[in-house]
S.K.: 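I have a structure here, written as structure tokens, and I will follow up with some questions on it.
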Amino acid sequence: MEFVVVVPTIRQDREGFRETISAIEASFTLPTDFRVLDGVGGKVAALNRAYDEVLLRTSAPVYVTLDDDFVPPVGWQDKVARAFEMFDRVGVVCPWPGDSAVWLDYVGADSCEQWASREGLRHRFLKPWRHIPGCLLAFRRECVVAMEKMPESQRRYDIYEDCWRGRMAYKLGWRSMYVEAGECRFKPYEDSDEYLAEKADAIDQSRLEAGKVLAQFGLGDPLSWRMRRFAARALGRTKPAANTSREALEKRR
């Protein structure tokens with residue numbers, strides 16, 4: 001089974017970048033067309049360009065978007081390929097990153113069903129309307145083509161793209177799942193204060209608009225979730241959302 005793997009990034013000049021890209025390449029065990037994309041205009045814009053310039057020009061059955069600081073284990077492609085072969089309506093697959101408290105917080109373990117096994121493949125489906133964080137999203141080609149391109153905001157950083165893709169896949173009738181493939185690694189970079197400040201400001205702006213963007217495409221939170229939040233606010237039981245940014249993930253290691 002052939003893969004196309006794209007990595008949108010603006011960290012090409014960071015120390016350790018080439019080593020990380022080499023480690024990602026070393027994890028491949030199946031035929032792979034590997035592309036490092038210029039992400040200077042933002043991740044969403046880069047992935048939308050890749051939709052036209054990469055995805056629609058290949059017939060590879062698996063299309064992967066991968067963050068530049070996430071290194072999957074050797075052999076992850078074999079597990080992903082088996083998942084697509086075994087489950088007809090699975091459209092999105094990700095290797096399970098690990099069982100540490102930090103990774104469980106990052107993926108949102110309450111978003112997942114219990115572990116199951118089929119023909120030796122350990123896996124866990126996501127619950128309805130939940131999504132996989134965008135560290136690594138392996139799409140069945142038919143699924144990602146049908147999703148089409150994401151809405152662009154002209155910001156470099158948006159918080160909705162992973163949710164948008166996960167919910168759009170589900171809306172189109174596809175399921176998402178994790179597969180057990182071995183421990184994944186996170187590669188921190190020394191980003192400048194200016195970079196981090198710009199990113200934080202853009203994410204804050206995106207957070208204010210994410211609900212509207214998702215609702216525009218029929219991907220807003222289910223009514224039952226909104227009612228629970230309303231009840232929690234009325235009872236004074238709401239609390240700030242957990243910080244599951246990649247910077248927070250590293251700080252908590």
S.K.: Hey, quick one: are Leu30 and Leu121 part of the same hydrophobic cluster, counting side-chain heavy atoms closer than 4.5 Å, chains of contacts allowed?
M.R.: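 Linked within one cluster.
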S.K.: Does Arg140 reach the main-chain N or O of Val90 with its side chain, forming a donor-acceptor pair under 3.5 Å?
M.R.: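 Confirmed, Arg140 side chain pairs with Val90 backbone.
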S.K.: Can you find a pair of side-chain heavy atoms, one from Phe186 and one from Val71, that are under 4.5 Å apart?
M.R.: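 With C-beta onward as the side chain, the pair stays apart.
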S.K.: Using only atom types and a distance under 3.5 Å, with no angle test, would you say the side chain of Arg185 pairs donor to acceptor with the backbone of Pro72?
M.R.: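 Side chain of Arg185 to backbone of Pro72, a donor-acceptor pair under 3.5 Å: no, none is there.
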S.K.: Output, in order, the C-alpha distance, side-chain angles, deciding distance and verdict of side-chain contact (heavy atoms from CB on, under 4.5 Å) for Thr9 and Val36.
M.R.: CA-CA 7 Å; Thr9 184; Val36 177; 3.6 Å; yes
S.K.: When the ring planes of Trp96 and Tyr178 are compared, do they come out parallel, tilted or perpendicular, using 30° and 60° as the limits?
M.R.: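 Answer is perpendicular, since the angle exceeds 60°.
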S.K.: Less than 4.5 Å apart, any side-chain heavy atom of Asp191 and any of Arg14?
M.R.: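 Yes, close enough: below the 4.5 Å cut-off.
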S.K.: Does a side-chain heavy-atom distance below 4.5 Å link Phe70 with Ile24?
M.R.: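 No. Closest side-chain heavy atoms not under 4.5 Å.
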S.K.: Do the side chains of Glu113 and Met177 get nearer than 4.5 Å, heavy atoms only?
M.R.: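 Sidechains of Glu113 and Met177: no contact.
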S.K.: Any donor-acceptor pair under 3.5 Å linking the side chain of Arg49 with the backbone of Asp38?
M.R.: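 Here the side-chain-to-backbone pair exists.
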S.K.: Between CG of Asp162 and CG of Leu137, what distance do you get to the nearest 0.5 Å?
M.R.: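 Asp162 CG to Leu137 CG: 6.0 Å, rounded to 0.5 Å.
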S.K.: Under a single-linkage definition using a 4.5 Å side-chain heavy-atom cutoff for Ile, Leu, Val, Met, Phe, Trp and Tyr, are Val92 and Val145 assigned to the same hydrophobic cluster?
M.R.: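 Yes, Val92 and Val145 fall within the same hydrophobic cluster.
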S.K.: Grab the two heavy atoms, one from Ala50 and one from Leu37, that are nearest each other, plus how far apart they are.
M.R.: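 Shortest heavy-atom separation between Ala50 and Leu37 comes out as CB-CD1, 3.7 Å.
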S.K.: Kindly indicate, with the supporting measurements, whether the criterion side-chain contact (heavy atoms from CB on, under 4.5 Å) is fulfilled by Ser153 and Tyr160.
M.R.: CA-CA 11 Å; Ser153 68; Tyr160 63 75; 4.1 Å; yes
S.K.: Is any side-chain heavy atom of Arg141 closer than 4.5 Å to a side-chain heavy atom of Val62?
M.R.: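 Answer no - side chains too far apart.
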S.K.: Judged by atom type as modelled, is there a donor-acceptor pair below 3.5 Å linking the side chain of Lys79 to the main-chain atoms of Pro95?
M.R.: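 Absent.
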S.K.: Which pair of non-hydrogen atoms, one from Trp129 and one from Gly220, has the smallest distance, and what is that distance?
M.R.: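 Between these two residues, the closest heavy atoms are NE1-O, 2.9 Å.
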S.K.: With salt bridge (Lys or Arg N to Asp or Glu O under 4.0 Å) as the criterion, how do Lys199 and Asp201 come out once you've worked through the C-alpha distance, each side chain's angles and the decisive distance to 0.1 Å?
M.R.: CA-CA 5 Å; Lys199 182 175 182 178; Asp201 182 63; over 6 Å; no
S.K.: Under 3.5 Å, side chain of Lys171 to main-chain N/O of Phe217, donor-acceptor pair present?
M.R.: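 It does hold such a pair.
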S.K.: Within 45° of the ring axis of Tyr189 and under 6.0 Å from its six-membered ring centre, is that where the NZ or CZ of Lys187 lies?
M.R.: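 Output yes; distance and angle both within limits.
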S.K.: Aromatic ring centroids of Phe34 and Phe28 under 6.0 Å?
M.R.: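 Distance test on ring centres: under 6.0 Å, yes.
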S.K.: If you measure only the distance, is there a donor-acceptor pair under 3.5 Å linking the side chains of Thr32 and Gln77?
M.R.: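 Short answer, yes.
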S.K.: With a 4.0 Å cut-off on N to O distance, would you call Arg11 and Asp69 a salt bridge?
M.R.: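 So Arg11 pairs with Asp69 through a salt bridge.
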S.K.: Are Val5 and Leu56 in one and the same hydrophobic cluster, where Ile, Leu, Val, Met, Phe, Trp and Tyr link if side-chain heavy atoms are under 4.5 Å apart?
M.R.: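 Looking at the clustering, Leu56 is in the same group as Val5.
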S.K.: Using 0.5 Å steps for rounding, measure from the CG atom of Leu47 to the CE atom of Met150.
M.R.: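 Taking CG in Leu47 and CE in Met150, the distance rounds to 4.5 Å.
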S.K.: Treating Ile, Leu, Val, Met, Phe, Trp and Tyr as nodes and any side-chain heavy-atom pair under 4.5 angstrom as an edge, say whether Val80 and Val74 lie in one connected cluster.
M.R.: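 They do not share one cluster, since no chain of ILVMFWY contacts under 4.5 Å joins Val80 to Val74.
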S.K.: CZ/Arg167 to CE/Met147 distance, rounded to the nearest 0.5 angstrom?
M.R.: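 If I round to the nearest 0.5 Å, the distance is 13.0 Å.
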S.K.: Looking at the rings of His123 and Phe87, which for Trp means the six-membered one, are their centres under 6.0 Å apart?
M.R.: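 Yes; Phe87 has its ring centre under 6.0 Å from that of His123.
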S.K.: What are the two closest heavy atoms between Met1 and Pro61, and how far apart are they?
M.R.: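 Looking at all heavy atoms of both residues, the shortest contact is CG-CG, 3.5 Å.
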S.K.: Between the side chain of Ser22 and the main-chain N/O of Arg18, is any donor-acceptor distance below 3.5 Å?
M.R.: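 At least one qualifying donor-acceptor pair exists.
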S.K.: For a quick test of reading the model, state the closest non-hydrogen atom pair linking Leu104 to Gly98 and the distance between them.
M.R.: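 Reported closest heavy-atom pair: CD2-O, 4.4 Å.
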S.K.: Measure the SG-NE2 distance between Cys94 and His131 for me, rounded to the nearest 0.5 Å.
M.R.: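 Cys94 atom SG to His131 atom NE2 measures 11.5 Å (nearest 0.5 Å).
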S.K.: Using a 4.5 Å cut-off on heavy atoms from C-beta on, say whether the side chain of Leu214 contacts that of Cys163.
M.R.: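 Cys163 vs Leu214: side chains touch.
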S.K.: Any chance you could measure Asp68, atom CG, to Lys43, atom NZ, to the nearest 0.5 Å?
M.R.: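 Interatomic distance, Asp68 CG to Lys43 NZ, rounded to 0.5 Å: 9.0 Å.
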S.K.: Relative to Phe125, does Arg175 satisfy both conditions: NZ or CZ under 6.0 angstrom from the six-membered ring centre, and within 45 degrees of the ring's axis?
M.R.: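 Satisfied, under 6.0 Å and within 45°.
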S.K.: Whether Asp52 and Lys149 form a salt bridge (side-chain N of Lys/Arg under 4.0 Å from carboxylate O of Asp/Glu) is what I want to check.
M.R.: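 Yes.
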S.K.: Would you check, one step at a time, whether the test side-chain contact (heavy atoms from CB on, under 4.5 Å) holds for Val179 with Val93?
M.R.: CA-CA 7 Å; Val179 292; Val93 181; 3.9 Å; yes
S.K.: Mind telling me whether Phe3 and Trp76 have parallel, tilted or perpendicular rings, with 30° and 60° as the class edges?
M.R.: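 Correct class here is perpendicular.
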S.K.: Considering non-hydrogen atoms only, spot the tightest contact between Met86 and Glu119 and give its length.
M.R.: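 Shortest heavy-atom separation between Met86 and Glu119 comes out as CE-CB, 4.0 Å.
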S.K.: Any side-chain heavy atom of Thr65 within less than 4.5 Å of one from Phe139?
M.R.: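 Counting from C-beta outward, Thr65 and Phe139 do come under 4.5 Å.
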S.K.: Are the side chains of Asp67 and Val7 in contact, using a 4.5 Å heavy-atom criterion?
M.R.: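 No, their side chains stay 4.5 Å or more apart.
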S.K.: When rounded to the nearest 0.5 angstrom, what distance separates CG in Asp204 from CD in Glu209?
M.R.: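 Reported to 0.5 Å precision, the distance equals 11.5 Å.
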S.K.: Applying side-chain contact (heavy atoms from CB on, under 4.5 Å), run through Asp110 and Arg130 and close with a yes or a no.
M.R.: CA-CA 10 Å; Asp110 64 336; Arg130 305 300 177 96; 4.3 Å; yes
